[in-house]
Amino acid sequence: MISYIIRRLLLMFPTLIGIVTITFITIQFVPGGPVDQMKSILLGHGSEMSEAGGAALGKQGKAQELDPERLEELRKIYHLDRPLWERYLRTFLWFAPEDKERGFWTNFFDYDSWEGFLVFKFGNSFYRNKSVLELIVEKLPVSASLGVFSFFLIYTTCVVLGIAKAVKHGERFDTVSSIFVLIGYSIPGFVLAIFLIVFLGPGDGAIAHWIPLSGLTSASAYGYEDWSTWRKIVDYLHHLAAPLFCYVIGGFATLTMLTKNAILEELRKQYVITARAKGLPEKVILFKHILKNALIPLVTGFPIAFLGMFFTGSLLIEQIFTLDGLGLLGYQAVIQRDYPIVMGTLFLFSLMALVGQLLTDLSYVLIDRRISFEESQG
Amino acid sequence: MIRRFLTALVLMSFLPANLYAEALHGLSIYGPEGLKYKKDESYVYANPSAAKGGRLTLADFGAFTKLNPASLKGVPAPGLNGLVFQTPMDSSSDDGEPFSQYGNLVESVDLAEDRMSMVYHIYKMAKFSDGHPVTADDFIFSFNIIHHLEYHPVYKEYFKDIAKVEKIDSHTVKYTFAIFNQELPLITGQMLIFPKHIYGAPGSNFGSDFDNIAIGSGPYEIEKYEFGKYITLKRKADWWGKDLPKNRGRYNFDQITWKIYLDPVAQREAFKGGGYDASQINSSRDWALDYKGDFVKKGYYLREEIPHNRVAGMQGYAMNMRNDLFESRKVRAAIALAFDFEWSNKNLFYGQYTRNQNYFDNNEEMKPKGLPAGKVKKLLMDLQGKYGADVPKTALTKPVGAPGEDQPFEKNIQLANALLDSAGWKIGADGIRVKDGKPFKFTLILASPGFMRISEPYKNNLAKIGVEMDIKVVQVAQYEESLREFNFDMIVASYPQSRSPGNEQRYMWGSPAAKTPGSRNYAGITNKAIDELIDIIIKASKRDELVDAIQAMDRILTHQFYVVPHWYIAYDRVVYWNKFSRPKINPSQAPIIGNIIEWWWQDEAKFKKLEEARSKGSAVN
């Protein structure tokens, strides 16, 4: 078992290196890096993007060309003055002692002398004075709020609903709930979000004013500091309700159907018939015997879902409800060509996915004693 | 008295006598006569008795990430420039003076007669928000810090011709310039002044975001903020500059908050519910179809079109004459005639736009009227004598205007066909015109997909005159590259203009710029008459000299049909909640939201009425 885990962990290296290498190569061919963008700002081309002329909208910029000296400075700030191979190696592992006087070995054993993904250093954003990790931490409250609540909402609802549907298979309750779950599944979250904002938002065209539109709290309101903790919690939940609703609405269908079908499948099995034959009540059969077997696929999906719930991101929902979370961070990083963020988050999330996958596989062993990796590897 | 004398003595030791003119309270590009206001006058667009107090809430689109207004990385919070941090001088927005600045942090200024150096006398009472006085050291620090690697390159470029800043005494600094440029003395007045004892302290790094330490000398300080969510500024009750004449009736709100929105629909709905107080609308569709609900009918918030007289400049489809398709003026005229502005304005823009008639449109002073007369006529005749066809005949015999305006569109199409016929382009078998075996086909490249719907009708109209236009939307980076190398047939070009045209004209229309990669001479204009006029514009030291040359140049540009003129909007579209009052005059040179922040005030009577009406659900009367 342990040798299996070690083998799997070692196999992650080539996968991760492959992912980062492909991204690194792609980036070299994509135009529009930070230096290009600065040129564009100086030339004032931004104004051409709007419908009516820049001048008419009050932007009276005088265009300028970027000085070669400035250009060199910029390249230096973004480390673009270094050769390609060095930048590539720096991404993974690079020895850059700050204090050269200190002696090689002292530096060698100092964590601060190293940079690169392999020592979990992801560099700084091109456009913020923050490291990639700091930025991820900054966005976590939003992502975790959406993730944790939606995780519990989806799991509890789906398991209960799935069981109920399996028990009442083919009855009216089953059909009606299926329709609702499938409608939810087919509505894109962002369309629902716009719909909610326009009809239940603060505007004068709305039917009712239920939805606030300012991030996760009313912190910008006058006197917010003096609110009681209780009021702040209610305020937080009030702000979270609409985005959470849009976020989870599509998530019920898969898990509900999975639960229901798993139970239905178990119902047909021999041991259920045996249990019935020996006169056990239906409830005992369902909760003691069937559930244990039927929930295996659900439980094994748990590790990934659990890891994922803190890093949930949904670009459009975050944007519409002004929630500055990981979805937006990733999107803006790609649009603005913030390569450290692109590569850093890609590396981290790939790593998490790989670890999650490993945990999933291991959980099979825990749940189902019939599975053994040693044999299959032999 | 003795101190004054000593200062004068120090001054004299620095420079030979008589070099400085009299100390002035402001600077104008046209010398002391250009200053409209006297030392103790307030601006005409101020109401000195405006009530202080109240709160203003505004929206900002897109998250801000720092409180440092001048560093390279990140997006600065709104309101930092002017409200928290100050510059030495304050730009006048008065329509009566094109480019004047008055003391903000400085009491007076001495400008050398050769305009190669100047001295600022800093207000002795000026203080940063932590109580520290503003001194010459802060001015010098703020200049030197520009060379910091992480100072924003836009400003580095802007200030690059200031050679050095020296201390004369604790409240006197001298600026020396590297080159002669009329605008340079005024440019010094636009540099942000940072406290040296904070940002120059050991261990502090200018590239940082200023988290928690935004200390400036302005009327407001930061009360609270959350990156990417909101920021609230609080008015300093004891601000050192509150009694200066230029600040009377200014900065009236006790608190100003910006809320951040990341989605336009959410932002719009939030306004309509009173989530924030004022918004400028920049979409013709939104203005025509939205902001018409119950609350506006009840008078809770107001819609207003406020006319402005900012120079509209020129926006249009620019034809690249490096491609010989567009070499002939006749052909360019035909291409321009095929654009049906009236139709587009009615069907696409809800009639809100005005056609660009010339290159300095929407400005009473600079826009050429009627036929050329007086000095402008003489200039044009002389240039025509010298350079012949570079000055087209119609520049002298016809007024400026968009090609084919005031004429039925069918007639323009006829005219365009006739022009192309006479230029030797014959209709080929497939309906596309051909000359010397080459079909008349070209590509319009766009950076914004939004222009697709606007350009499709034009494409159809061009087909009517046997010209095939292909429309391609390309990635921004690729677009930049094409523009830089002039590797395109046609683009949407915008040439913004200020009220004080200068050096930048060379960059837009000058012959050398046609060969300089990255210049704004997209059309590839090489016109000797224009080159000569640009020289006059740059050297002009009197306003009328400048205006004459601008008008002559404008007439040539317009009649050479280098671009297919587009449109501009002659008013600001604003919505605001019905609780403010404002001065009689709106200085329309400044953005309207900026004017609300600086010059409007909360009107208690209106505020109460609105609150009452809202609680009852009735209309405000």
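Letters go in sequence order (proteins before strands), and every chain restarts at 1.
For chain A, no part of I592(B) is nearby; none of its heavy atoms comes within less than 4.5 Å. For chain A, the nearby part of Y301(B) is the side chain; its heavy atoms alone come within less than 4.5 Å. The contact between I194(A) and chain B is made entirely by side chain atoms (from C-beta outward), counting heavy-atom distances below 4.5 Å. Heavy atoms of L328(A) lying under 4.5 Å from chain B belong exclusively to its side chain. Residue F190(A): no heavy atom, backbone or side chain, is found under 4.5 Å from chain B. Residue Q332(A): no heavy atom, backbone or side chain, is found under 4.5 Å from chain B. When heavy atoms are compared at a cutoff of 4.5 Å, F321(A) does not approach chain B at all. For A221(A), the part sitting under 4.5 Å from any heavy atom of chain B is the backbone (N, CA, C, O) and nothing else.
With values rounded to the nearest 0.5 angstrom, K130(A) atom NZ is found 5.5 Å from F227(B) atom CZ. To the nearest 0.5 Å, atoms OH (Y230(B)) and OG (S218(A)) are separated by 10.5 Å.
The number of heavy-atom neighbours closer than 6.0 Å to CZ of F61(B), taken from other residues, nucleotides and ligands shown, is above 12. For K224(B), the NZ atom counts as densely surrounded, since its 6.0 Å shell holds more than 12 non-hydrogen atoms of other residues, nucleotides or ligands. Applying the 6.0 Å contact sphere to CZ of F159(B) captures more than 12 heavy atoms from other residues, nucleotides or ligands. Annotation for F245(A): atom CZ does not count as buried by contact number, only 12 or fewer foreign heavy atoms lying within 6.0 Å.
If you tally non-hydrogen atom pairs under 4.5 Å between each of Q255(B), K229(B), R268(B) and chain A, the highest count goes to Q255(B). Per-residue heavy-atom pair counts under 4.5 Å with chain A were compared for E226(B), K156(B), E150(B), K298(B), and the maximum is reached by K156(B). When P264(B), P449(B), G273(B) are compared by the number of non-hydrogen pairs under 4.5 Å with chain A, G273(B) comes out ahead.
Here the shortest heavy-atom pairing between T322(A) and L262(B) reads OG1-N, 3.6 Å. Scanning both residues, I197(A) and A266(B), for their nearest heavy atoms gives CD1-CB, 3.9 Å. The shortest non-hydrogen separation linking A270(B) to P202(A) is CA-CG, 3.9 Å. Of all non-hydrogen atoms in Y222(A) and T232(B), the two that sit nearest each other are CE2-CG2, 4.4 Å.
Side-chain contact between L72(B) and I77(A): present, with at least one pair of heavy atoms (C-beta onward) separated by less than 4.5 Å. At a threshold of 4.5 Å between non-hydrogen side-chain atoms, the residues I260(B) and D324(A) do not count as touching. Looking only at side-chain heavy atoms (C-beta outward), R128(A) and K66(B) stay at 4.5 Å or farther from each other.
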Should V198(A) and E269(B) be marked as a side chain to side chain contact (heavy atoms under 4.5 Å, CB included) after you check the CA-CA gap, both sets of side-chain angles, and the distance that decides it?
-> CA-CA 7 Å; V198(A) 172; E269(B) 292 303 314; 4.2 Å; yes

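A donor-acceptor pair under 3.5 Å is absent between the side-chain atoms of D263(B) and the main chain of I320(A), judged by distance alone.
Checking T65(B) against Y127(A) by side-chain atom types alone, no donor-acceptor pair falls below 3.5 Å.
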